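Reminder, nothing fancy here: chain letters follow the sequence lines and each chain counts from 1. Treat the numbers as computed from the prediction; the structure is a model and nothing was measured.
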Amino acid sequence: MPELPEVETIRTELLPRVLGQQFVEINILDSKLLQGLPSTELQRVVGKSVQRLERRGKYLIFHLSTDKSLIIHLRMTGNLTVNPEIGKYSRAFFLLSNCTTLVFNDKRRLGVIYLVENTESIVGKLGVEPLSEFFTQDVFIKLMRKHHIPIKTALLDQNIIAGIGNMYADESLFDAGIHPLVLTSTLSRQDFRSLFHSIRSVLSAAVNNKGASIDTYVRPDGELGSAQFYFKVAHRKGQPCYICGTPIQRLMLRGRGSYFCPRCQPQ
DNA sequence: CTTGGGACCTGGCTGC
DNA sequence: TGCAGCCAGGTCCCAA
């Protein structure tokens, strides 16, 4: 699933292909993508160029040479590729002035495209960027201590920290040796310090590995990411923990599967 | 404030 | 071989 490392990889690899380029042609194959925005509105982007490509949480923001910005969220199964064939799951494609074709593919049709004047109307509620300078130990501890909820629920709340999804929440908690159900209010300062460093190292390692190609995620050029090869708990139910050999378990938390080692992450 | 559930969505899997 | 039923999880929404 596209989480922060996947969206960041897409951003950096797309950047040289789209920066400064004009939209020449826009084709929406699945109008559901636009969430009710008339397709004709989106056509007004034709002739505008990409001034800046930004990631905020799991959102990708195309700042254009107009007062509107194009925002894409890939949700569960979306990806963005350049110059591929238009396939069964292609929902939209964009032709750019350098002849790059940008294709939005999405098997499960949950991905969305917004066109807005004020990007804050979409991303304004998002919490702190975990790889930014604004995310410090003290900020993290203050944010966590405001809540009394299971730590994994807190990590998944995009309005607290932006960009962590199910896979990297599990990996971070394993790295810090913290059980996903432990309440934020019962964790020690040392627990938070440890988890803070785990979040940063898990996310930055995954960015360096170009994201995790589980299910439908591919990089813009079609290549796979390799972060999945380094997963220690995510999607490893029943397999032995690399540290202690105990079989990895899975529990349900707010309708999401949570993978953890019952021995390394005691409750 | 928090929790739990449902909705969206469909490919892929299981089991009969 | 077919088909029903369930699962995957990012985000939003509603009821309790």
Asks: Write out the stems for DNA chain C, ordered by first number and formatted as range with range, counting runs of at least 3 consecutive Watson-Crick or G-U wobble pairs under 3.5 Å.
Replies: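 Output for stems: B:2-8 with C:10-16, B:10-16 with C:2-8.
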Asks: How far does the P atom of C:dC3 sit from the matching atom of B:dC9, given to the nearest Å?
Replies: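 After rounding to an integer number of Å, I get 24 Å for this pair.
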Asks: Is it possible for you to check whether A:R236 lies under 6.0 Å from the centre of the six-membered ring of A:Y242, through NZ or CZ, and within 45° of that ring's axis?
Replies: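 Yes; both conditions hold, so A:R236 lies above the ring face of A:Y242.
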Asks: Starting the side chain at C-beta, find the nucleotide from B:dT3, C:dT11, B:dG11 nearest to A:Y59.
Replies: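 Closest nucleotide among those given: C:dT11.
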Asks: I want to confirm an ordering. Mapping A:R256 and A:T153 to their closest nucleotides on DNA chain B, which one lands closer to the 5' end?
Replies: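 Between the two, 5'-proximity favours A:T153.
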Asks: Within 45 degrees of the ring normal and closer than 6.0 Å to the centroid, is that where the cationic atom of A:K107 sits relative to A:Y89?
Replies: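 Ring-cation test returns yes.
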Asks: Within this structure, what is the CD1-to-P distance between A:I160 and B:dC1, rounded to whole angstrom?
Replies: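 Rounded to the whole Å, the gap is 11 Å.
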Asks: Contact class for A:M1 (heavy atom, under 4.0 Å): base, sugar-phosphate, or nothing?
Replies: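 Sugar-phosphate, no base atom in range.
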Asks: Can you identify which nucleotide, out of C:dG10, B:dC9, B:dT3, has its nearest atom closest to the A:K32 side chain?
Replies: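 Taking heavy atoms from C-beta onward, the closest nucleotide is B:dC9.
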Asks: Could you tell me the separation between the CD atom of A:Q158 and the P atom of C:dG10, rounded to a whole number of Å?
Replies: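 After rounding, the gap between these two atoms is 8 Å.
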Asks: Quickly work out the A:Q35 CD to C:dG10 P distance and round it to whole Å.
Replies: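 In whole Å, C:dG10 P and A:Q35 CD are 17 Å from each other.
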Asks: So, OP1 or OP2 of C:dT11: does either fall under 4.0 Å of a side-chain N or O from A:H73?
Replies: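 Checking A:H73 against C:dT11: at least one side-chain N or O falls below 4.0 Å of OP1 or OP2.
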Asks: If hydrophobic residues (ILVMFWY) are linked whenever their side-chain heavy atoms come closer than 4.5 Å, directly or via other members, who joins A:V103 in its cluster?
Replies: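 Grouped by the 4.5 Å side-chain rule, A:L29, A:I86, A:F93 form the rest of the cluster around A:V103.
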Asks: Which of these nucleotides, B:dG11, B:dT3, C:dT11, is closest to any side-chain atom of A:K58?
Replies: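 Of B:dG11, B:dT3, C:dT11, C:dT11 is nearest to the side chain of A:K58.
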Asks: Quick one, A:T66 with A:K48, criterion side chain to side chain donor-acceptor pair (under 3.5 Å). Give me CA distance, side-chain angles, the key distance, then yes/no.
Replies: CA-CA 7 Å; A:T66 170; A:K48 309 303 179 194; 5.0 Å; no
Asks: Rounded to the nearest 0.5 Å, what separation is found between the CG atom of A:D170 and the NZ atom of A:K232?
Replies: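 A:D170 CG to A:K232 NZ: 13.5 Å, rounded to 0.5 Å.
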Asks: Please walk me through it: do A:R56 and A:E129 pass salt bridge (charged side-chain N to carboxylate O under 4.0 Å, His left out)?
Replies: CA-CA 7 Å; A:R56 186 75 176 85; A:E129 283 291 328; 2.9 Å; yes
Asks: Taking the side chain of A:R109 as heavy atoms from C-beta outward, which of B:dT3, C:dG10, B:dT10 is closest to it?
Replies: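 Of the options given, the side chain of A:R109 lies nearest B:dT10.
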Asks: Quick one: which residue pairs count as a side chain to side chain donor-acceptor pair (under 3.5 Å) with a foot in residues 210-227 of chain A, not counting sequence neighbours?
Replies: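 As it turns out, the side chain to side chain donor-acceptor pair (under 3.5 Å) pairs with a partner in residues 210-227 of chain A, which skip direct neighbours, are A:E13-A:R219.
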Asks: Let's see if you can work this out: which of B:dG12, C:dG10, B:dT3 has an atom nearest to the side-chain heavy atoms of A:P150?
Replies: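 Shortest atom-to-atom distance from the side chain points to B:dT3.
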Asks: Does A:R254 or A:L110 map to a spot on DNA chain B nearer the 5' end, using the closest nucleotide for each?
Replies: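 Nearer the 5' end of the strand: A:R254.
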